Amino acid sequence: MPYDTIIIGAGLSGLAAGIRLAHFDQSVCILERHYTIGGLNSFYRLRSRNHDVGLHAVTNYASAGSKTGPLSKLLRQLRLSWDDFSLCPQIESSVVFPGYRLRFNNQFDFFRQQVHNEFPAEKDRFEKLLTMIAGHNELHLTSQTASARQILADVIADPVLVDMLFCPLMFYGSPTKNDMDFSQFVIMFKAIFEQGFGRPMKGIRPLLKTLVNRYRKLGGELKLRSGVQKILTRGDRACGVVLDNAEVLEAHNVLSSAGSLETQRLCDDDSRATDPPITPGEISFVETIFSLDRLPADLGHSQTVVFFNGADRFDYRPPAAACDTRSGIICSPNNFVYPSDHVEEGRIRITALANPRFWFEQSPSQYESEKAHWREQILAAALPHMPDFRPHILDCDMFTPKTITKFTGHVNGAVYGSPDKIRDGRTHLKNLFLCGTDQGFVGIVGTLLSGITIANLHLLKP
Ligand SMILES: Cc1cc2nc3c(=O)[nH]c(=O)nc-3n(C[C@H](O)[C@H](O)[C@H](O)COP(=O)(O)OP(=O)(O)OC[C@H]3O[C@@H](n4cnc5c(N)ncnc54)[C@H](O)[C@@H]3O)c2cc1C
């Protein structure tokens, strides 16, 4: 019997779509190439320590019981409770440029005041930008785009303020070099500055397990170590998939979270090439994760996330060298407001833009020595923004664009996928749809909503 829907990928968007479809009694099978769930936001164990792969913070923070906003919408749609997320709010984060610091927390008026104080000449223009943001429909499902750089340049006069607004929004959600689509800018502005950050008390693992348990309870099937090597087509429709082990599974519909270019490459028909062709994403990162013998707060560091930039302008693109240490993100998972009995080891995560090609071209021995070299460079770039924690390092791990491609299949290790988003999730085949990163909503909340939105729009029609 063919499945109603086969879903490629057990990342957050695939799991959310699976829950929606299984809830409405579809027969659903999620196929995942990796041996575990979570995709870009997974977890692993190394030298007796548990790590999250991609979790800095959940954006779009809302306190338990809120009735509005993206988080409450996705909880309703997935029939989850606030306890399933157990979100703890951030302490405080900041954007730090030479001579300027903008602090923000989960109260938007605090950030607004910071902008007024640091950039008094921009006060009225910043307020005008806020009015534009409030009036913009960022959730439209057409693929129209507009340059946020251009729009901001027309409203805000001081280029430093423009760059400081872009810095966290690009780092946490732009697939485009030195620019963003304006709708994506508005989504990320609301998600980060207006709503703010939280963290599931025990990291991403319990949340992922909750999603899988819910999906299975509703009758959904999940097959791990089951990569799709080909999407089978008949005319203008997908009719099933071939797995890496040559097993064939049939389906009435296929939903892919693998990425638009990656999905196109899986199709076995002749009409694969789109006009214009899909641009591969290039924005990727290295991240170093330090385990410490004490909490960062005990060393005097209580910031949740610090977005720093030491150059004259913020330059968001793949660097010519292996990494760009002029800017970066420092995140401490310990610096959220936890219950008083919460115990976790001290951790610091430092992230920097990376050149995917460099990391793919290294031989295995060069790769390890380059990692060691760049770990020191990244650490040196971050230390002006926090106390020197080097005497307290117990262990360190580091991942690169190569690691991201190895575990998720994303071309170039591109965390935010292709710059060409397909908002309505349609492909050249009538019953093959995209969800997740390349549909256009990124991050944890964004991709969960993407899975829900595309399932509702195309696969749960009345
Ligand atoms: C370092 C890092 C830090 C991040 N930090 C944050 C953060 O703090 N907050 C936040 O909100 N977001 C963060 N993100 C972004 C967030 O993790 C992603 O936007 C989100 O997880 C993407 O989910 P997805 O479902 O679209 O795609 P993915 O997670 O990529 O899921 C796709 C899945 O499909 C599988 N797959 C691909 N091809 C095949 C195939 N042929 N057959 C079978 N399976 C296949 C992959 O293995 C993968 O599991 C971070 C990401 C990274 C990498």
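Computed over heavy atoms, backbone and side chain alike; hydrogens, waters and symmetry mates excluded. Note that the numbering runs from 1 along the sequence shown for the chain. Owing to the predicted nature of the structure, the values given are computational and were not obtained by experimental measurement. Ligands are counted one by one from 1 in listed order, and the atoms in each one are counted from 1 as well.
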Are any of the side-chain nitrogens in E250 or R234 under 4.0 Å away from the carboxylate oxygens of its partner? no
Tell me the nearest of T447, L224, L15 to atom 20 (C) of ligand 1, using heavy-atom distances. T447
Distance from L40 atom CG to T408 atom OG1, nearest 0.5 Å? 5.0 Å
Residue, atom name and distance, where the atom is the protein heavy atom closest to atom 14 (N) of ligand 1: N41 ND2, 3.8 Å
Yes or no: does G409 have any heavy atom under 4.0 Å from an atom of ligand 1? no
Considering non-hydrogen atoms of the protein only, which is the closest contact for atom 45 (C) of ligand 1, and what is the distance? I8 CG2, 3.9 Å
Which residue and atom name correspond to the protein heavy atom nearest atom 34 (O) of ligand 1, and how close is it? G9 CA, 3.1 Å
Could you name each residue pair satisfying salt bridge (charged side-chain N to carboxylate O under 4.0 Å, His left out) that touches residues 170-191, not counting sequence neighbours? E138-K190, K177-E282, D181-R423
Taking the inter-plane angle between the rings of F193 and F111 on a 0 to 90° scale, is it parallel (under 30°), tilted (30 to 60°) or perpendicular (over 60°)? parallel
May I ask you to decide if the ring planes of W359 and Y367 are parallel, tilted or perpendicular, using 30° and 60° as cut-offs? perpendicular
At a non-hydrogen distance cut-off of under 4.0 Å, which region of T437 contacts ligand 1 (side chain, backbone, both, or neither)? both
Compute the shortest N/O to N/O distance between V442 and ligand 1 and return yes if it is under 3.5 Å, no if not. no
Residue-ligand contact H410/ligand 1, heavy atom below 4.0 Å: yes
Straight-line distance of Q26 CD to D4 CG, nearest 0.5 Å: 4.5 Å
Note: L55, heavy atoms under 4.0 Å from ligand 1, region reported as backbone
Could you tell me if Y3 and E221 have a donor-acceptor pair between their side chains, going purely by distance under 3.5 Å? yes
Looking only at protein heavy atoms, identify the closest one to atom 1 (C) of ligand 1 and say how far it is in Å. F399 CZ, 3.1 Å
Work out whether the distance between some heavy atom of Y172 and some atom of ligand 1 is less than 4.0 Å. no
Per-atom contacts of ligand 1 with L31, taking only distances under 4.0 Å to non-hydrogen atoms: 43 (C), 44 (N)
For atom 15 (C) of ligand 1, what is the closest protein heavy atom, and at what distance to 0.1 Å? G443 CA, 4.0 Å
Salt bridge check, E32 against K223: does any charged N sit closer than 4.0 Å to a carboxylate O? no
In ligand 1, which numbered atoms sit nearer than 4.0 Å to a non-hydrogen atom of F407? 47 (O)
Side chains of S256 and T263: is there a donor and an acceptor less than 3.5 Å apart? yes
Could you tell me if any non-hydrogen atom of V58 lies under 4.0 Å from any atom of ligand 1? no
At under 4.0 Å between heavy atoms, which part of A57 makes contact with ligand 1: side chain, backbone, both or neither? backbone
Run S302 and N335 through side chain to side chain donor-acceptor pair (under 3.5 Å) and show every step you take. CA-CA 6 Å; S302 308; N335 289 341; 5.4 Å; no
Could you tell me how the ring of F336 sits relative to the ring of Y338: parallel (under 30°), tilted (30 to 60°) or perpendicular (over 60°)? tilted
Pull out every atom of ligand 1 sitting under 4.0 Å from any heavy atom of G436, numbered as shown with elements. 26 (O)
Taking atom 50 (C) of ligand 1 as the reference point, the nearest protein heavy atom with its distance: G54 O, 3.4 Å
Please report which non-hydrogen protein atom sits nearest to atom 48 (C) of ligand 1, along with the residue it belongs to and the distance in Å to one decimal place. E32 OE1, 3.5 Å
Part of V415 with heavy atoms under 4.0 Å of ligand 1, whether side chain, backbone, both or neither: side chain
For residues 207-214, tabulate all N or O donor-acceptor pairs below 3.5 Å that involve a side-chain atom, not counting sequence neighbours.
from : atom 1 : to   : atom 2 : distance (Å)
T210 : OG1    : P206 : O      : 2.8
N213 : ND2    : K209 : O      : 3.3
R214 : NH1    : R79  : O      : 2.8

Is the number of heavy atoms from other residues, nucleotides or ligands under 6.0 Å of R225 CZ greater than 12? no
Under 30°, 30 to 60°, or over 60°: which ring-plane class applies to F171 and F285, parallel, tilted or perpendicular? tilted
Return yes or no for this condition: an N or O of H34 is under 3.5 Å from an N or O of ligand 1. no
Nearest 0.5 Å please: distance from the CZ atom of R347 over to the CZ atom of F290. 12.0 Å
Nearest neighbour in protein (non-hydrogen) for atom 29 (O) of ligand 1: L40 N, 2.8 Å
Which of the ligand 1 atoms, numbered from 1, are nearer than 4.0 Å to a heavy atom of G227: 42 (N), 43 (C)
Ligand 1 to R33, heavy atom cutoff 4.0 Å, flagged ligand atoms 40 (C), 41 (N), 43 (C), 44 (N)
Side-chain (N431) to main-chain (A238) donor-acceptor, under 3.5 angstrom: yes
If hydrogens are left out, which of T36, T351, T408 has an atom nearest to atom 46 (C) of ligand 1, that is, the closest non-hydrogen atom? T408
Testing the 3.5 Å rule here: is there a donor-acceptor pair between the side chains of S260 and D438? yes
Does a side chain donor of either Q303 or S94 reach within less than 3.5 Å of an acceptor in the other side chain? yes
Per-atom filter on ligand 1: closer than 4.0 angstrom to a heavy atom of G39 are 29 (O), 48 (C), 49 (O)
Selection from T59, I444, V445, L266 by shortest heavy-atom distance to atom 10 (C) of ligand 1: I444
List ligand 1 atoms under 4.0 Å from A258, heavy atoms only on the residue side. 37 (C), 38 (N)
Quick one: which ligand 1 atoms are inside 4.0 Å of a heavy atom on L12? 21 (O), 25 (O)
Would G38 count as a contact of ligand 1 if the rule is a heavy atom under 4.0 Å away? yes
Closest to atom 24 (P) of ligand 1 (heavy atoms only, candidates S257, S13, A191, G11) is S13
